[in-house]
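What follows is one structure encoded as structure tokens, with my remarks underneath.
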Amino acid sequence: QKKLSKTNRVGVWLHREIGRIVMSSYDEPLKELQKRREFALAMGKPEALEKMKDEGLLNARERLDYILDKDTFVEIGQLALGAREEHRHRTPADGKVGGFGKIDGRMVGIVSNDFATMGASSALNNLKKMKYIKDQGTKRGFPLLFVGSSSGSRMPDRMGAPGRLIIAQDPAEYRRLRKSPWGVAQLGSCYGSSTWYACMADYVVMRKGATMAVASSRVTSLAINQPVTDEDLGGWRMHTRVSGLVDEAFNTDQECLDALKRYLSFMPSHSKEAPPIAPVPKGSDDPVEGIMEVVPSDRKKVYNMRHVIDVLADKNSVFETKPSWGKSVITALGRLNGQTVGFLGNNPLYKGGAADPDGCAKATGFLVHCDSFNIPIVMLVDVPGFLIGVEGERKAAPGKIINWMNAISLTTVPKLTVVLRKSYGQAYINMGGNKNSDVFAMWPTADVGFMDPETGVNVVFGIRKEDDPEEFERCVAKLSEDAAPWEVAAMFEAQDIIDPRETRRFLINMLEVQQLRMTNGVGEHLMATWPTSIV
């Protein structure tokens, strides 16, 4: 027994000694791993990071800490470096921090550009990292976010014949199939690929002071041989009010990231599921009782359709997209009885609600977005037609009108339309008239003539008010009577005429009827490849 005990002690000692030797063989590799991790976590130039801090801006890793649920970020490609040997000592994570994490408990893929590392320029290895994250989001079904700023292509990598190989490495890099939602926050100077990804995204925000363009103002000035400022080239005012490529601009990085989070709260994780259901806030049914105070019965008086949407939607649930562009048309995500819907409305506060070319493009993009992600559409109609004129024709108004018509004919999610007042001319069809809705209802104040009765009298009968006031008024009354909602309902071209105060309950009831039960809330996605940029 003593001999056995001694043998055991020798065995234990030998086991420990072997373990010590084995562990010591890991010392150098583990030290090297720790060294490389620390290099990556330190990010780019310290002076650039300090400048960002002094300006109240978030660096690449702070953005991830802010937007993602705590302790959920799983980084990939942390040890990636620049492809060129001379760049390796100054390209931690190759300038783009990427991986996976959760927002409100749901998985997302995310890339955060580190501008302090060679301007977060796009290069061979970080593009491979981005491709991996994109592919996982598409295959596994979760949203993708791209945040930060970028100086564009890393020119030493792109120059000459070898640089052509980088550009052509992935033919599908700029293919968008809308398998999952994409969101972008432009938080600084954004050129090249950061601009391309914004144009492919479903929702884009921008920090005021940031720039988004094909190339920097310096490069552009050299190309066109005239001075140009960053703001004029691609500032937030231009993109939220003129180009329409950015949904909204905010003062801080944090506000931009908050907007991305709120956008995702309305969205499904991928195109094969219905959007999430949210609790209905207490008091959501009360405001509709005052809806007639919001909408004047006189069709010549203006009001803000945004206020109507606020009254109809669940309390504090309205999330408007592109509020400063194409303002005669409103597009907004919101909820009805907890269900995500897309509100598409005319806004008489701007241009009398007449849809101009920008408004047409805005409506088309919104229909495509909602249909691609299984979001039912509620159309609130008060439209005097399309805004006609030389400028509209120059901006391809007919093409944009027909794009809208094409999109609504391809929309397969439930479409519910309510005509509040005017629905004139061809715009009647674009806003869900005739068979372009699954449910079509009108208020008693609805007017579905081809044009305003006073204009119609002049066009149809050739009578002017100043020439024969009595006959003019008689003809106006006749056209108004013909355009009243009662005959439309009598022919069952409308499913109902409703008291304005019944609108919210009517929409909730009809949404329940129109649910896509046989496909678990998933539409056909006939427009999944429609271009995401405004056309």
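Relative to the six-membered ring of Trp182, Arg176 meets both conditions, a distance below 6.0 Å and an angle of at most 45° to the axis.
With a 4.5 Å cut-off on side-chain heavy atoms, Leu333 and Phe366 count as touching. A 4.5 Å side-chain heavy-atom check between Ile291 and Leu312 finds at least one atom pair inside the cut-off. Contact annotation: the side chain of Thr417 approaches that of Val381 to within less than 4.5 Å [non-hydrogen atoms, C-beta and beyond]. Taking the side chain as every heavy atom from C-beta outward, Trp325 and Leu245 never approach each other to under 4.5 Å. In this structure, Val214 and Tyr191 have side chains that are not in contact, with every pair of non-hydrogen atoms separated by 4.5 Å or more. Counting heavy atoms from C-beta outward, Val147 and Val111 have side chains that stay 4.5 Å or more apart. You'll find the side chain of Arg63 stays beyond 4.5 Å of the side chain of Asn59, heavy atoms only.
Under the 30°/60° scheme for interplanar angles, the aromatic rings of Tyr203 and Phe319 are found to be tilted. Aromatic ring pairs are classed by plane angle as parallel below 30°, tilted from 30° to 60° and perpendicular above 60°; the pair Phe142 and Phe100 is perpendicular.
The number of heavy-atom neighbours closer than 6.0 Å to CG of Asn316, taken from other residues, nucleotides and ligands shown, is 12 or below. No more than 12 heavy atoms of other residues, nucleotides or ligands shown are found within 6.0 angstrom of CZ on Arg501.
A side chain to side chain contact (heavy atoms under 4.5 Å, CB included) with Leu367 is found for one member of Asn403, Asn430, Ile408, Asn406 and no other, namely Ile408. Asp314 pairs in a side chain to side chain donor-acceptor pair (under 3.5 Å) with only one of the listed residues (Arg335, Arg504, Gln339), which is Arg504.
Asp371 meets the side chain to side chain donor-acceptor pair (under 3.5 Å) test with Thr412; sequence neighbours excluded.
Once rounded to the nearest 0.5 Å, the distance linking CD of Glu231 with CE of Met238 reads 9.0 Å. In this structure, CE in Met130 is found 5.5 Å from OG in Ser193, a value given to the nearest 0.5 Å. How far CD1 of Ile508 is from OG of Ser284: 8.5 Å, rounded to the nearest 0.5 Å. Atom CG of residue Asp382 and atom NZ of residue Lys422 lie 3.5 Å apart, to the nearest 0.5 angstrom.
The aromatic ring centroids of His369 and Phe373 lie less than 6.0 Å from each other.
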